[in-house]
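Working notes, structure below.
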Amino acid sequence: MDEQKQTYDPAAIEPRWQQFWQERKVFRTPNPGDRDFDPKKPKFYVLDMFPYPSGAGLHVGHPEGYTATDIVARYQRQKGCNVLHPMGWDAFGLPAEQYAIQTNTHPAVATKKNIDNFRRQLQRLGFSYDWDREISTADPKYFLWTQWIWKQLHARGLAYESNAPVWWCEALGTVLANDEVINGKSERGDHPCERRPLRQWVLKITDYAERLLADLDRVDWSDAMKAMQREWIGKSEGAEIDFLVHGHVGTKVRVFTTRPDTLFGASFMVLSPEHPLVASLTTPQQKAQVEGYLRAAAAKSELERTELSKDKTGVFTGAYAQNPLFLDGDARGRIPIWIADYVIVTYGTGAIMAVPAGDERDFAFAKKFALAIPGIFAPQTADEATDAAIASGAQCCTDEVPFAAHCTSADGKVALAGLSMPEAKRAVIDYLQQRGIGVQKVTYRLRDWLFSRQRYWGEPFPVLHTKDGVELVPDSQLPVLLPHMDDFKPGGVPESPLIRARAWVETKDQSARPAQREINTMPGAAGSSWYFLRFCDPHNEREFCSRAASDYWLPVDLYVGGTEHAVGHLLYSRFWTKVLHDQGLVRHQEPFLKLYNQGMIQAFAFQDARGAVVPTALTKEQGDEVVHAESGEKLTRIVTKMSKRYGNVINPDDVVNEYGADTLRLYEMYMGPLADSKPWNPKDVPGVHRFLGRVWRLCVPEDFAIGAVHAHLHQDRDSDPELEKALHRCIAKVEGDIGRMAFNTAISSMMIFVNEATKRPDALSRGQLLRFVQILSPFAPHLAEELWQRLGGAELLAYAKWPSFDAKLLVDDEVEIAVQILGKVRGRAVVATNADQATMVAAAKAAVAQHLEGKTIVKEIVVPKKLVNFVVK
RNA sequence: GCCGGAGUGGCGGAAUCGGCAGACGCACAGGUUUCAAAAACCUGCGCCCGUAAGGGCGUGCGGGUUCAAGUCCCGCCUCCGGCACCA
């Protein structure tokens, strides 16, 4: 730094304060019971979704949410709260392991290196985390308790072994949970997946489906997020109905339907290809055809089944079922049983009653295979042609319309004509229930949580397999550690690489009998399903978290992260919390009170005429345009995600090196609303940096000889009343904006104040500057702390009390109002802020006198402090 | 197809409860300062007509409600995110 000049130099300020905060443990948070804990303060728990410490290092997307939570944490601290604001590492799982494999390093080594890098990068940004509470899910001291919690689930009968088909991903060499597979491809890496029966540990999250759904009403999350969880849980109410099969005494086919009211229109039945009755119901004549269809269905990859055309395929079994609403001899009641892969074995009962008149899919199937489509509705709208088509079954109708008169059972006990849809459903269910062949039923789309992976880098299960079955490792022997392995790569077989650690696998149980360790490991989401609890009591060696700590800190008051965890992590964490609650281990039932989802930070990229993206290194600016560096072709700017391939990835380290951490933080908050996705614009970054420079110069003279601050700031003096007003307005605005997570407008209001102050720098008093620096501090903490110290602020800014504002100073004595004629602004008038209507009208009339000439005022609308509108003729 | 969100200057965005559209920042233009440049500071900046005063138009499109609509209602279009044969 220039000896003669003191310009704003973040590189000189920031590391010093970071070091100070860390050495003095400024942000260490005491727990209830600690000597320096203050029980009089309210608590505030503000949490980030902790990162996977990937080898790529921090992305500019990370600090976006982290800065937002840091602003809230620092603000709440200054408002007098005990603030819990921790950070840790989601260190087990596929990303860390993939990186380890790519770089041929042991996962433990690679993970440690990545964590060190992440920590270094985060600490450069000045976040006020309590680093004493840092945790890593891959730390044995942590996963001891992950294993212990798993045993609690097991004890409640919520963990079981299953051989049901699961998603297998060949490329990743492991099975995946439902939320990790999208359209038959892996979420990570986009590799194809298929169904395979493999022995797996599964958690019974479906037992909690209803509570997970109902308790969404108790949390403050976005509608979008709640909608995604509701859809994933997928509750549907309807009925299960048993159909007898002709010629198979005692055989019933059970179907699930949400439309029992349409049972009169059931004209065939469909079993999924995997349905257990397929083989026994198929007649000898149909055997060859059915087997052919089953083979074809099995050969289809899941991708083809889900992604390819919705063209219906199917085959007749040769068997017939009996519609229970019709008499045995009635031809309408004898319905053929088909097999088709549009019916999914894992949903409902894996079989449906097909009502082509009331269901689009059944209608398409009936059309394709020329099956009967009996009409069951009698709509009466103005559109007679459509009414007739629906009545005859020529057109499918899924809306609520009146039922036809013939929807009456043979014994007359069910008659749907004249009933509403809910009444008709009720009538049919009651009738079936009385006869013992149907029951009201709620079904969920949610499947149990596939809770194991065939990978090395995860928590081992505390499980031994003996000849008598499964045995749990006693608590005293936890944690079960991973064996060291030099070759930890998946072996291309559906078995964990742990199988190769013979000495580890082959062990003895409590009674010294031979036993084999479980070789599957837990999935990545295991450790992240309870980390928010461990942060409350991270060093507890006797418990996963003391009741005193969790009762005090939980639930999390503000949780910030991306939307990508909508149905995975967030659902699993809610599930584990409820289980721990049921075990009497925590008081709360929902972990995250308020959830806020940040948008994505995107980037510019440049496209040529064909629409191909040209890597940024191959582009150059030419006047107002961007052209191809070699061909000179004009390129179009688009907004897209940052990607190595496009060469448009912004590295936070580079931004800090060039502008400093405060500028990075401020820019990310200034870009736009936190929840929106928005592009990184390198040209905008200097704008916020200039703002910080102006703040610096308000306080610090360029000439070193003058001192640490301007001479007029050396002592207190009376405040300039206009600047005082502006400051109060600014404090009120910033406070309100932090409360609604509108950090962009908070910053703009601070810019407005600084612009005002810059016009009359000598009028600004020390007291005003101290208060301004304080409200700036959550956003740009290094600069703020530096100026606070130079101005001689008491003790540390980080714990100074947030300044108050006087509501009286927020309003001016006079206010300029708009004067409208027929809603158009035709003039302006200045009136007293508390002027009465007559005064405002008089002033308004004077302001637009020439416009009113020759016109009659029909109506005067007066909005105090805003406007007067004349309606004229 | 279904569910959720969005569409405002050249660009990012603001307008919190139906009340002056475009705060703040960027880019751009002009100026002050300077030997010069950078930095800093000042001024202008939605579009159209006009030297100006002033006027007209304007928040994706088409309608509507209202004294008044970016904001409310109806019908569309486009983009983003999620789900997708779930009976």
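Labels below follow one simple rule: chain letters A, B, ... track the order of the sequence lines, proteins then strands, and each chain is numbered from 1.
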Of G350(A) and V863(A), the one whose closest RNA chain B nucleotide lies more 5'
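With G350(A) and V863(A) compared, the 5'-side residue is V863(A).
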Between V567(A) and F870(A), just flag the one whose closest nucleotide in RNA chain B comes earlier from the 5' side.
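It is F870(A) whose nearest nucleotide is closer to the 5' end.
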All side chain to side chain donor-acceptor pair (under 3.5 Å) counterparts of [X], not counting sequence neighbours:
X       : value
E756(A) : none
R445(A) : none
R760(A) : D720(A)
E400(A) : none

May I ask you to evaluate whether [X] reaches the phosphate of [N], defined as a side-chain N or O under 4.0 Å from OP1 or OP2?
X       : N      : value
H275(A) : A87(B) : no
N755(A) : G25(B) : yes
R697(A) : A39(B) : no

Going by a 90° cut-off around 0, is C83(B) syn or anti?
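For C83(B), whose glycosidic angle is more than 90° from 0, the conformation is anti.
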Is G9(B) in the syn range, within 90° of 0, or in the anti range?
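Glycosidic conformation of G9(B): syn.
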Does any nucleotide pair with [N] by Watson-Crick or G-U wobble geometry, both distances under 3.5 Å, and what is it?
N      : result
C2(B)  : G82(B)
C61(B) : G75(B)
A40(B) : U32(B)

In whole Å, what is the span from the [atom1] atom of [X] to the [atom2] atom of [N]?
X       : N      : atom1 : atom2 : value
Y347(A) : A84(B) : OH    : P     : 13 Å
R694(A) : C24(B) : CZ    : P     : 11 Å
F753(A) : G25(B) : CZ    : C1'   : 19 Å
D179(A) : A84(B) : CG    : C1'   : 16 Å
F691(A) : C41(B) : CZ    : P     : 12 Å
L822(A) : U66(B) : CG    : P     : 15 Å
R445(A) : C3(B)  : CZ    : P     : 16 Å
I182(A) : G81(B) : CD1   : P     : 12 Å

Shortest side-chain distance from [X], nucleotide among [options]:
X       : options                : value
E231(A) : C83(B), C85(B), U16(B) : C83(B)
K683(A) : A21(B), C26(B), A87(B) : C26(B)
V825(A) : C20(B), U16(B), C24(B) : C20(B)
S236(A) : A40(B), C67(B), A87(B) : A87(B)
F256(A) : C20(B), A87(B), G4(B)  : A87(B)

Y670(A)-T745(A) side chain donor-acceptor pair, cut-off 3.5 Å
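Result is no, nothing qualifies.
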Does a donor on one side chain and an acceptor on the other come within less than 3.5 Å for T563(A) and N597(A)?
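Their side chains do not contain a donor-acceptor pair, so the 3.5 Å distance test is not met.
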Listed by chain and number, what are the salt bridge (charged side-chain N to carboxylate O under 4.0 Å, His left out) partners of R259(A), not counting sequence neighbours?
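If we apply the salt bridge (charged side-chain N to carboxylate O under 4.0 Å, His left out) test to R259(A), skipping adjacent residues, the hits are D261(A).
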Excluding sequence neighbours, so at least two apart, what forms salt bridge (charged side-chain N to carboxylate O under 4.0 Å, His left out) with E814(A)?
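Not a single residue meets the salt bridge (charged side-chain N to carboxylate O under 4.0 Å, His left out) criterion with E814(A).
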Short N/O separations, protein against nucleotides 31-38 of chain B, under 3.5 angstrom:
none

With a 4.0 Å cut-off on N to O distance, would you call K367(A) and D362(A) a salt bridge?
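D362(A) and K367(A): not salt-bridged.
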Lys/Arg-Asp/Glu bridge criterion (N-O < 4.0 Å) met for D812(A), K725(A):
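Yes, charged N to carboxylate O under 4.0 Å.
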Any donor-acceptor pair under 3.5 Å joining the side chain of R828(A) to the base of C20(B)?
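Such a pair exists between side chain and base.
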Heteroatom pairs (N/O) under 3.5 angstrom, protein to nucleotides 8-14 of chain B:
unit_1	atom_1	unit_2	atom_2	d
C11(B)	O2'	R637(A)	NH2	3.4
G12(B)	O2'	M671(A)	O	2.7
A14(B)	OP1	N744(A)	ND2	3.0

Let me check something: any side-chain donor-acceptor pairs from residues 815-829 of chain A under 3.5 Å, sequence neighbours excluded? List them with distances.
none

What distance, rounded to whole Å, do you find between the two C1' atoms, one in C17(B) and one in A68(B)?
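Looking at atom C1' only, C17(B) and A68(B) are 15 Å apart.
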